[in-house]
> 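Got a structure for you, written out below as structure tokens; questions coming shortly.
Proteins come first, then strands; the chains are lettered A, B, ... in the order of their sequence lines, and each starts at number 1.
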Amino acid sequence: MIQKPRGTRDILPPESRLFQAVEAAAHRVFQALGAEEIRTPLFEHTELFVRSVGETTDIVHKEMYTFADRKGRSLTLRPEGTAGVARAFLENRLDQRPLPQRLYYIGPMFRYERMQRGRYREFRQIGLEIIGASTPLADAECIMALWEFFAALEFDNFTVHMNNLGDPEDRPKYAQLLRSYLMGSKDQLCSDCQRRLQENPLRVLDCKVPTCKEVTAAAPGMDTVASQASRAHVEEVVSLLTSLGIPLKWNPRLVRGLDYYVRTVFEVVSPELGENTVVCGGGRYDRLLSDLGGPEIPGVGFAVGEDRLIDSLPPAFAAKVTTEVRLYLIPLGNEPALFGLQLARDLIRQGVPVELEVGGRSLKAALKRADKRGFAKVVIFGESELARGVVLVKDLRRGTQQEVPVAELAKDWQREVEP
RNA sequence: GUGAGCGUAGCUCAGCUGGCAGAGCGCUGGACUGUGGCUCCAGUGGUCGAGGGUUCGAAUCCCUUCGCUCACCCCA
């Protein structure tokens, strides 16, 4: 038996409804803010990701699905969405349209990683990019959009973690500062952190080992060397969001895994999936487009891990989405079966979702099945009902049943669903 | 890349120091002819992940291999 490749998943009903609901919310919220959908290739030239995400990052270093095509060109399945959007933006000269442009995408990403809870090799991201605005207001709008997206999914308790990564020229300065600070307590760091100390001291701030946390607790924050301009920028973003009533948690140890971020960075972690499982990450990337050979156009954006988001959806919302709301049509006999087919056609034309019993079940068996499937209402009709132009509508929850003229069935349903 | 655990029915799992492969749930049907939920009955369903070894006999013990999961790492 052939199985799916490691790290991929089959999204089956009813879970597929959760994906539909989440994506519908994304379309609705982002479009309301003036964003438009962009769809870019699932694979790109490898060079694009090496240059944008960063050669030394883990993503590029060891997690990309890279392959040679038949002409020997090196291609890579996209590990994230922003690079492709930036490339498409430049290639199609979208900078010639009015700026800023708000673009969002929904689709699969690929990273070669070991499987773990909430971590897949093929996973879906929903991302929003605001390209062509460098103001703190743009950052704030971006995070506000994120907030509204989560709110539309009925999340009521989550926090946006924020930090300032400074400008590109600040980062080596900070790495040096942090390294010399940590050198003093080198012996108390775990073996991983002693290695990180040389390679990438910022990562030490991320370590979960308690002794390392103690050492880094009083370490100087990025803002001690961040440029005055970047500090003023991020402070303004915080101020704007605070005025909006969006709770932020300042986290000076927040470090992102992509090199292109500057200044504002933020994350949302899921309490359900554990403290180190990021559901959403984003930030500002003012140098990305110019680094890719384009004009100096700033941008800010985020990506939500759709699979992880769905794993941590509020239960009440998930239950509502997966509940069967449709009329179950049960014909009794051959004449009524034909009528049932016509009735199903008429009802779906009027926007009433139905399920016709086509398995020839007895009434008893059909009702039993209706109960198991969670149908709220069933429609029963035999020859005697048809002769009188009515059907029996049975409410399974209340246990009541009444005759309804066939012509009023759709109206009866709409009254029930949209009171 | 490092470490740990687990593979038995569609699902969740039992199966003792080796002795006829099981339960619950699910699915299908039935218990007054056209009225569900509870209950009861019946049916359905397994190369015990795969290969090899030990043995009269292996789901069980040993070896190999494949697969899955979790943690580290990193990230969505």
> Could you give the distance separating G18(B) and A59(B) at their P atoms, to the nearest angstrom?
13 Å

> Would you mind reading off the distance between M115(A) atom CE and U69(B) atom C1', rounded to a whole angstrom?
8 Å

> Using a cut-off of 4.0 Å on non-hydrogen atoms, how would the nucleic acid contact of R124(A) be classed: base, sugar-phosphate, or nothing?
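Nothing, no nucleic acid heavy atom in range.
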
> Please measure how far the P atom in G3(B) lies from the corresponding atom in U65(B), and state the result in whole Å.
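Each nucleotide's P atom is 15 Å from the other's.
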
> Strictly by Watson-Crick or wobble contacts shorter than 3.5 Å, is anything paired with A4(B), and which nucleotide is it?
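Partner of A4(B): U69(B).
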
> Does Q401(A) reach a base, just sugar-phosphate, or nothing at all? Heavy atoms under 4.0 Å.
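Since a base atom lies under 4.0 Å of Q401(A), the category is base.
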
> Closest approach to the side chain of Y120(A), judged atom by atom: which nucleotide of U69(B), A76(B), U35(B) is it?
A76(B)

> Please measure how far the C1' atom in G45(B) lies from the corresponding atom in U64(B), and state the result in whole Å.
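Taking atom C1' in both G45(B) and U64(B), they lie 32 Å apart.
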
> When rounded to the nearest Å, what value does the distance between C1' atoms of C56(B) and C20(B) take?
16 Å

> What is the nucleic acid contact for R361(A), judged by heavy atoms within less than 4.0 Å: base, sugar-phosphate only, or nothing?
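Contact class for R361(A): sugar-phosphate only.
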
> When all nucleic acid strands are considered with a 4.0 Å heavy-atom cut-off, which category describes E385(A): base, sugar-phosphate, or nothing?
base

> Applying a 4.0 Å non-hydrogen cut-off, can you work out what K372(A) is touching in the nucleic acid: base, sugar-phosphate, or nothing?
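Sugar-phosphate, backbone atoms only, no base.
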
> Measure distances between side-chain N and O atoms of R111(A) and base N and O atoms of A76(B), and say whether any donor-acceptor pair falls under 3.5 Å.
yes

> Write down the distance separating the P atoms in C16(B) and G34(B), rounded off to the nearest Å.
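Per the computed distance, 49 Å lies between those P atoms.
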
> Need to verify one output field. Residue with the more 5' nearest nucleotide on RNA chain B, K364(A) or K62(A)?
K364(A)

> Where the side chain of Q3(A) is concerned, which of G30(B), G67(B), A76(B) is the nearest nucleotide?
G67(B)

> Any donor-acceptor pair under 3.5 Å between the side chain of R119(A) and the base of C73(B)?
yes

> Do R373(A) and E355(A) meet the salt-bridge criterion of a basic N to acidic O distance under 4.0 Å?
yes

> Would you kindly give the CG-to-C1' distance between L128(A) and A76(B), to the nearest whole Å?
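It is 15 Å, rounded to the nearest whole Å.
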
> Regarding R369(A), tell me which of base, sugar-phosphate or nothing describes its non-hydrogen contacts under 4.0 Å with the strands shown.
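The residue R369(A) makes no contact with any strand.
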
> With rounding to whole Å, what would you report as the distance between G10(B) and U44(B) at their P atoms?
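To the nearest whole Å, 15 Å.
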
> Whole Å only: how far is the CD1 atom of I330(A) from the P atom of G34(B)?
13 Å

> Hey, could you give me the OG1/CD distance between T400(A) and Q402(A), rounded to the nearest 0.5 Å?
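Reported value, rounded in 0.5 Å steps: 6.5 Å.
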
> From L367(A) CG over to K394(A) NZ, what is the distance, rounded to the nearest 0.5 angstrom?
6.5 Å

> In terms of side-chain geometry, is the basic nitrogen of R124(A) or E23(A) positioned less than 4.0 Å from the acidic oxygen of its partner?
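The answer is no: the pair does not qualify as a salt bridge.
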
> From C72(B), G30(B), C68(B), pick the nucleotide closest to the side chain of K368(A)?
G30(B)

> Counting only Watson-Crick or G-U wobble pairs whose two distances fall under 3.5 Å, which nucleotide matches U44(B)?
G26(B)

> Scan every strand shown for a Watson-Crick or G-U wobble partner of C32(B), both distances under 3.5 Å, and answer none if you come up empty.
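C32(B) is unpaired by these criteria.
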
> Output the rounded distance in Å from CE (M64(A)) to P (C74(B)).
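My rounded result for the distance is 19 Å.
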
> Charged N to carboxylate O under 4.0 angstrom, D286(A) versus R284(A)?
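Yes, this pair counts.
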
> Could you check which nucleotide pairs with G18(B) in any of the strands shown, counting Watson-Crick or G-U wobble with both distances under 3.5 Å?
none

> T57(A) near the nucleic acid: base, sugar-phosphate alone, or nothing, with a heavy-atom cut-off under 4.0 Å?
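Since no nucleic acid heavy atom lies under 4.0 Å of T57(A), the category is nothing.
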
> Could you tell me the separation between the CZ atom of R373(A) and the P atom of G37(B), rounded to a whole number of Å?
17 Å

> Specify the separation, in whole Å, of atom CD of Q116(A) and atom P of G5(B).
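Q116(A) atom CD is separated from G5(B) atom P by 17 Å.
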
> Who does A58(B) pair with, Watson-Crick or G-U, both distances under 3.5 Å?
none

> Any salt bridge between R388(A) and E403(A), counting N to O under 4.0 Å?
yes

> Taking the side chain of R114(A) as heavy atoms from C-beta outward, which of G1(B), A76(B), G30(B) is closest to it?
G1(B)

> If you measure from the P atom in U60(B) to the same atom in A21(B), how many Å do you get, rounded?
13 Å

> On RNA chain B, nearest-nucleotide positions of I380(A) versus A365(A): which is more 5'?
A365(A)

> Select base, sugar-phosphate, or nothing to describe what E113(A) touches, counting heavy atoms under 4.0 Å on all strands.
base

> Report yes if at least one side-chain N or O of R117(A) is closer than 4.0 Å to OP1 or OP2 of U69(B); otherwise report no.
no

> When you measure from the centre of the six-membered ring of Y260(A), is the NZ or CZ of R287(A) closer than 6.0 Å and no more than 45° off the axis?
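Negative - R287(A) is either too far from the ring of Y260(A) or too far off its axis.
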
> Checking all strands, does G127(A) fall into the base, sugar-phosphate, or nothing category for heavy-atom contacts under 4.0 angstrom?
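No contact.
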
> Can you check the distance between G26(B) and A9(B), where both ends of the measurement are the C1' atom (answer in whole Å)?
11 Å

> Check every strand shown and say whether L392(A) touches a base, only sugar-phosphate, or nothing at a heavy-atom separation below 4.0 Å.
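If one applies the 4.0 Å heavy-atom cut-off, L392(A) turns out to touch a base.
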
> Atom CG of L332(A) and atom P of G36(B): how far apart are they, to the nearest Å?
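It is 13 Å, rounded to the nearest whole Å.
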
> Should the ring pair W147(A) and F158(A) be called parallel, tilted or perpendicular, given that the plane angle runs from 0 to 90° and is split at 30 and 60?
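Plane angle between 30° and 60°, so tilted.
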
> Report the distance from atom CZ of R397(A) to atom P of U35(B), rounded to the nearest whole Å.
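Taking CZ of R397(A) and P of U35(B), I get 23 Å after rounding.
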
